[in-house]
Structures are given as structure tokens and as C-alpha cells.
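Everything below concerns the one structure shown next.
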Amino acid sequence: MQSIVKALRDAVAETAATDIRAAFAADPDRFSRYSIGLGDLLLDFSKTAVNPKIMTLLAEAAGKAGVAAKREAMFAGEKINLTEKRAVLHTALRNRANTPVIVDGADVMPDVNAVLSAMGAFADGIRSGKIAGATGKKFTDIVNIGIGGSDLGPAMTTLALAPYHDGPRAHYVSNVDGAHIADTLKLLDPETTLFIIASKTFTTIETMTNAKSARAFIADKLGEAAVGHHFAAVSTALDKVAAFGIDSARVFGFWDWVGGRYSIWSAIGLPLMISVGPENFGAFLDGAYAVDTHFRSAPFEKNLPMVLGMVGWYQRNVLGYTSRAVIPYDQRLSRFAAYLQQLDMESNGKGVVIDGSPVDGSSGPVVWGEPGTNGQHAFFQLLHQGTDIIPVEFMIAANGFEPKLRYQHELLMSNCLAQSQALLKGRTKAEAKAQLLAQKWAEDEAEKIAPHRVFTGNRPSITFVYDRLTPFALGRLIALYEHRVFVEGVMFGINSFDQWGVELGKELATGLLPVVQGAKGTEGLDSSTAGLVAALKGRAE
Ligand code: F6P
């Protein structure tokens with residue numbers, strides 16, 4: 001791979017690829033050359049440092065990494081998650097064609113369909129009031145208790161699809177900080193609240209601890225006998241759920257071939273389904289399936305996940321950009337960057353390649369972001385004038401859901417387009433000075449101030465445009481990013497589907513609990529940790 005990286009670096013220098021502004025000036029067709037679509041979804045990557053030579057080399061790099069073969073291995077249920085000896089089959093959860101998907105000699109689709117229809121019946125029951133609380137009252141609120149993949153997916157999508165929300169109010173409790181559950185419960189009536197305990201492993205300390213607090217909330221107010229009416233669970237560990245005391249009829253399973261951060265399509269999506277209804281949830285799965293089909297069949301230059309992945313890998317590994325910002329111009333996607341942080345950074349933040357040797361070059365970038373226009377008034381200063389180049393990924397719908405506020409949507413669209421335009425175009429010193437002189441600044445002062453008003457420009461961005469943020473469009477967007485992470489992971493040479501990097505901190509926290517509680521001393525700890533323990537204990541009331 002290093003020979004292609006070198007060839008790409010040479011090509012960048014020879015073709016002055018990072019002078020994106022010049023590339024636009026030289027080619028009036030640049031937008032149509034470097035924008036591709038899937039249905040109403042448009043991906044414009046013309047404002048990145050690509051040209052025909054770079055695209056050819058990127059295709060070569062993807063070919064050399066074996067992206068197409070590994071993609072097929074994933075869809076076919078091969079155990080590509082080698083360190084956990086697991087298949088990676090979130091795609092089976094939205095396999096709307098229902099074609100057989102074989103794992104260990106058995107088709108997983110009958111089980112997938114059975115859970116989906118059980119979820120549908122449960123969601124309908126909650127929404128209609130047929131399934132009610134212990135005192136017979138209809139549920140007005142559901143609280144999902146989970147963390148990581150058992151929280152971010154449903155929380156992000158429930159917010160994103162607010163215009164479709166006609167079920168009970170949904171709340172999400174994740175943090176082990178008691179403030180999270182306490183502040184949530186304060187708003188709720190136990191008689192009309194349903195808790196969904198969501199945990200793939202059903203061992204995660206945050207979730208189990210919050211689940212116990214929720215259980216006490218119901219038992220204290222309504223009595224022990226009421227507990228069964230007010231809890232449901234989602235997990236792969238059905239034995240552990242049974243031990244917690246949740247009725248098996250209210251337990252929705254999934255399987256070890258669904259990674260936590262890829263689990264929104266499984267029963268982990270239950271709170272979303274209860275919020276927007278089974279039909280909209282089905283449309284959400286349809287959107288993801290459309291991307292799966294496209295990913296497997298479209299030629300690489302028109303293949304959205306391929307192009308997004310290749311460009312991302314190029315920006316990280318060839319151009320050396322260490323982070324990327326994801327800026328949806330959509331307030332309802334305000335949790336999208338947080339969701340992508342787990343999807344991308346837990347998948348591709350790895351230090352070794354598949355055979356255990358160190359990554360040759362770089363692996364995944366830092367992913368971060370906030371919705372526009374808010375970000376413009378916070379960190380965009382650095383995006384425009386900071387010393388690092390940070391590629392930006394914008395997304396914008398042509399239509400909002402507030403026809404009476406069309407003017408606000410027009411403002412939103414113009415701001416989104418203006419930001420990518422400004423990143424590209426920049427402003428020279430001569431232009432800055434001319435502007436100051438026009439504002440009647442004195443010549444010597446204008447000369448001094450102008451550098452502060454210079455924008456280098458040539459800063460890369462990608463823009464997604466789509467009709468409207470429907471369930472279908474949202475499913476499509478998430479699946480697109482999932483496969484982008486896959487393509488990049490294969491090109492980095494890593495296993496994107498394990499997450500050993502989260503283990504050490506968990507182990508140490510378990511060891512530190514008795515120290516913090518005072519049952520064990522600080523002997524053997526480094527002096528910083530021991531000092532911090534003492535500082536906390538010294539301040540405890
Ligand atoms: O700590 C990381 C992690 O294992 C994630 O990968 C996962 O999504 C999250 O914890 C929650 O795990 P679980 O669903 O098993 O409670």
C-alpha cells in the first residue's frame with residue numbers, strides 16, 4: 001500500500017491537486033464530474049483535492065486492499081471480525097429482499113423476521129394502549145436505558161424523525177452519573193412510564209446500574225408486582241435478561257453478528273419504532289437496503305460509499321488530515337456527529353492491522369461536529385483560518401417540515417452553501433485590503449489589518465443534498481456512513497468490527513471502585529491517580 005500512497009503523494013505534487021480553486025477555474029464541468037447520486041441523494045465531492053489521476057490511483061488502492069472481495073465476504077456472513085470470530089451482518093437486518101443469509105450453516109432471516117414482527121406487535125400494542133401499565137393506564141413515556149450503540153442509534157434517530165413522532169414521548173438515559181436518570185425520572189409518572197433496558201451483553205455497568213434505579217422507581221411507587229408491566233428488554237444475552245426478572249414475552253433478541261454500533265436496525269431500534277410506528281421503521285430499513293444494494297452493484301466511480309471511503313482514506317493517509325467535521329444543516333441531526341463518533345472512531349481507531357502488526361501509516365481520523373448554523377458561531381473560525389486543514393462534510397435537505405417557515409429554510413440553505421463556498425474560495429490579502437480601503441481605513445492601517453482578514457481558501461468539503469429527512473432518507477444516510485467506515489477500514493488494513501480499546505479503562509474502573517469507596521488503599525497506584533483519589537475523598541461531604 002505504501003507504494004500507492006507514495007504514487008498518490010507524487011500525483012498530488014505534480015498535478016497541484018490541493019489547489020481546488022484552480023481546478024474549478026480550469027474545468028467548468030468539475031461539479032458534474034465529481035458529484036454522484038442515489039435516488040434524490042446527491043453527493044458532491046468536487047470541492048475535494050481529486051482529479052482524474054488521483055481517482056485512478058484511489059481505485060487502484062481500493063483494489064489492492066481488496067475492498068470488493070471483503071465487501072462480498074461481509075454480506076455473505078463470513079467471519080470477517082477475526083478477533084471475535086464473528087460474522088458482521090447488520091445488513092441482514094435490513095435485507096428487504098429476504099434472500100437467505102447463512103451463518104454457521106443456517107439461514108438467519110427467519111429469526112430476523114420473527115423479531116421484527118414481534119417488535120411491530122409490541123410497538124403497536126404500546127402505541128394503541130392495548131399494552132398498558134400496571135394500573136391500566138396507557139403509556140405516555142418510554143425510557144430507553146442503554147449506552148454506546150444501545151443508546152446513540154435510537155436517541156439520534158428518534159430526534160431526527162421528530163416530524164413522524166406520534167407515539168409516546170421517548171427519553172434516553174445512558175450515563176452512569178445519577179444526574180442523568182434522576183433528571184429524567186423527575187419528569188415522569190411511574191404509572192405511565194415504560195422502561196426498555198437495552199444492552200447487547202446485559203453486563204454493561206452503566207446500564208445495569210441505571211436499570212436497578214429504574215426498577216426501584218417503579219417498585220417504590222407502584223409495588224413489586226408492577227415491575228413486570230413497566231419493563232421490556234433488548235439483548236443478545238437472553239439468559240441474563242431472564243435473571244434480571246423481565247418477562248420473556250417482552251424481551252427482544254438480536255445476535256452476536258450485530259455490532260453494538262451497527263445495531264440500530266435490530267431490536268435496539270425498538271424505541272424508534274414505538275415513537276414513529278412500524279411502518280416508518282420499515283421505510284427506515286428500506287433506505288438502508290437501497291444503499292446496501294447500491295454498494296454491491298454500482299461501479300466504483302458512481303458508488304457513494306466507495307467514493308466517500310476512498311476520499312476519506314486519501315484525506316487521512318495521503319494528505320495527512322487528522323480530523324473531519326460533520327456539519328448537518330439540520331437541527332434534527334444534532335446528534336448525528338455523536339453517533340458517527342462511535343460508528344467511525346470505535347470502528348477505525350485501531351493501532352494494528354489484521355495480522356497484529358502496527359498500522360503502516362494512519363488509521364481513522366477524529367470525527368466531530370455540530371449542526372449548522374450553530375457551529376458557524378463557535379468553531380468555524382478555526383475551519384476557515386486555523387493552521388490545520390479539516391475537511392468538512394455538509395448535509396442539507398431541499399425541504400424542511402415547516403412550510404410556514406420556508407424563509408428560515410432558505411436562510412439555512414444559503415448558509416450551508418456559503419460555508420463550503422468560503423472554504424473553497426478564501427480571500428486574498430489584496431481583496432482584504434481593498435475591502436478595508438473601501439471602508440475608509442487609512443492605507444498603513446489597512447496594510448497591517450489585512451492579513452488578519454485573509455482566508456487561504458482551498459479547504460476541502462463534501463456536501464450531501466437530499467429532498468427531505470424522511471425515515472427512508474435517514475436510513476440511507478446512516479447505511480452510507482456505515483459502508484464508508486467499512487471501505488476506509490479495509491484500506492487501512494484493520495479490523496473495523498472489534499473494540500478492544502474500550503476494555504482497559506473498564507477493567508481499571510472496576511479496580512478503582514473500592515479505592516474510591518475507601519475499602520482499599522492507594523498503595524501501588526501512580527502518584528497522580530493516588531493524589532486524585534485523595535483529592536476527591538478529601539472533598540467528599
Ligand atoms: O464500551 C463500548 C461498548 O462495548 C460498545 O461497543 C457498545 O455499543 C456499548 O459498549 C454498550 O454495550 P452493551 O450494548 O453490551 O451494553
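Both backbone and side-chain heavy atoms feed into the values below; hydrogens, waters and symmetry mates do not. First listed ligand is number 1; within each ligand, the first listed atom is number 1.
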Ring centroid separation Tyr172 to His180 under 6.0 Å: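 Distance test on ring centres: not under 6.0 Å, no.
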
Ring center gap for Tyr481 and Tyr339 short of 6.0 angstrom: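 No: the rings miss the under 6.0 Å criterion.
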
Ion pair Asp498/Arg86, N-O distance below 4.0 Å: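 Here Asp498 does not pair with Arg86 in a salt bridge, since their nearest N and O are not under 4.0 Å apart.
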
For Arg94, salt bridge (charged side-chain N to carboxylate O under 4.0 Å, His left out) partners two or more places apart: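 By the salt bridge (charged side-chain N to carboxylate O under 4.0 Å, His left out) rule, Arg94 matches Asp292, Glu482.
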
Salt bridge (charged side-chain N to carboxylate O under 4.0 Å, His left out) partners of Glu78, counting only residues at least two apart: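 Glu78 satisfies salt bridge (charged side-chain N to carboxylate O under 4.0 Å, His left out) with no other residue.
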
Can I get a per-line list of side-chain donor-acceptor pairs under 3.5 Å for residues 217-229, giving both atom names and the distance, sequence neighbours left out?
unit_1, atom_1, unit_2, atom_2, d
Glu224, OE1, Arg215, NH1, 3.3
Glu224, OE2, Arg215, NH1, 3.2

Near ligand 1, at a heavy-atom separation below 4.0 Å: residues by chain and residue number: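 Residues Ile147, Gly148, Gly149, Ser150, Ser199, Lys200, Thr201, Thr204, Gly260, Gln342, Glu346, Gln499, Val502, Lys506 each place a heavy atom under 4.0 Å from ligand 1, listed by chain and number.
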
